[in-house]
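Heads up, the thing below is written out as C-alpha cells.
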Amino acid sequence: MRVATWNVNSVKQRIPRLLPWLDERRPDVVCLQETKLSDDAFHEVLGADLAERGYEIAHAGQGQWNGVALLSRVGLEDVRVGFAGMPGYPTPETLEARAISAVCGGLRIHSLYVPNGRSPDSDHYTYKLEWLAALAKAVADPSTTLLCGDMNIAPADADLFDPDAFAGHTHVTPPERAALAEFAALGLRDVVRDRWPDDRVFSYWDYRAGMFHKDLGMRIDLILAGESAAGRVEAAWIDRKARKGSKPSDHAPVIVDLDEAPDGDIGPVVPPPSNPAKPGGAKVKLPQTPE
C-alpha cells in the first residue's frame, strides 16, 4: 500500500499537477492539505476525475482557507472530521478545517494541517501547542495510526538548511518540538527519518529568493506511523519532482510504501537537487525575516 501526503496550497490551482501525479505515482491513499475549497466545490472540481481513478473521497473544507482531504482506493471507513477535544481559533468554538481521518486498508489514517503558529509571541502559537496536545490525547490506538500532513514543525536542526536562519521564528522552538515529540512517546515513528537518518532531506521550500533551486528548505511534512505500519515500510521518500516545473505547490509530497516498493528504495528525495547552495557559503536570511 502506498500512502502519500501533500500540502497542495490550493487544490484548484494544482489540478494540472495533481491528476498527472496521481497517474504517475499511483498512491493508494492520499492525504491533502490546504485544499482551500468548500466540500461542495472540492467534489465539483475533482469528484469525477478522482472517481475515474478509483478514489473514494473524504473532505473537510472551509472555502478559501485551510481544508484537508483523504483519497483512498483501499477503503474509506469511519470518517471523522476533526478529533476529540480539538480546539478552535480564534475562539475555542470556531473549529477550523485542519483534520480528517478514516480507516483505510486497516489503518486509521489522519490528514493533518497543523496550525502555523505565526510568531512565538502570538495567540496563534498558543493555539498551535494546544491543538497538538489535544491531538496526542485523541490518538486512541497508536499501533494502527498514521499521522500524515503538514506538521509546521521541523523535528530537528538537521531538518533545516541553516538552523541559525530560523532563530526567532516558529517551526523550530523547543515547545513545538516537545509537542511533536509526544507522538514519538506514543510509539509513532517518523518513517522518512528512520529510513534516512543522516541525509539532507526537505519537503518545503519558500517560493521566494530562489530557495528551491538552491535547496534551501525545511522538512515539515511528515508521516508518523505506529508499529503495525512502521514495521511494513519498504520505502519512504520525498517526491521532489512534484515541486519542480510550472505552478507547483511550495511543498513536495511525502510517500511511504508498505510491504512492497514499486519504484524501489530509491532515496530520500527524488530527484536529488541539482544546484544546491554550498555548505558553509554565504549566510541566507529567510525571505520573511525583518531587517
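Predicted model only: the values in this text are computed from it and were never measured.
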Passing option when E34 is tested against N7, V11, N66 for side-chain contact (heavy atoms from CB on, under 4.5 Å)
N7

Does a side chain donor of either S119 or D121 reach within less than 3.5 Å of an acceptor in the other side chain?
yes

Can you see whether F212 has R243 sitting over its ring - NZ or CZ less than 6.0 Å from the centre and within 45° of the normal?
yes

Check for me whether R98 meets the cation-pi criterion with Y113, that is, NZ or CZ under 6.0 Å from the six-membered ring centre and within 45 degrees of the ring axis.
yes

Return the orientation label for the F42 and H59 ring planes: parallel under 30°, perpendicular over 60°, tilted otherwise.
parallel

Between Y127 and Y89, what is the ring plane arrangement, given parallel below 30°, perpendicular above 60°, and tilted in between?
parallel

Shortest non-hydrogen contact from A236 toward W196
O-NE1, 2.8 Å

Minimum heavy-atom distance P271-R240, with the two atoms named:
O-CD, 3.3 Å

Is any side-chain N of the basic residue among D199 and R193 closer than 4.0 Å to the acidic one's carboxylate O?
no

Using every non-hydrogen atom in the two residues, find where W6 and P253 come nearest and quote the distance to one decimal.
CD2-CG, 3.4 Å

Checking side-chain contact (heavy atoms from CB on, under 4.5 Å) against V269, which of V192, I238, D215 comes through?
I238

Taking NZ, NE, NH1 and NH2 as the nitrogens, is one of them in D206 or R208 under 4.0 Å from a carboxylate oxygen of the other?
yes

Would you say the side chains of Q33 and S111 form a donor-acceptor pair under 3.5 Å?
yes

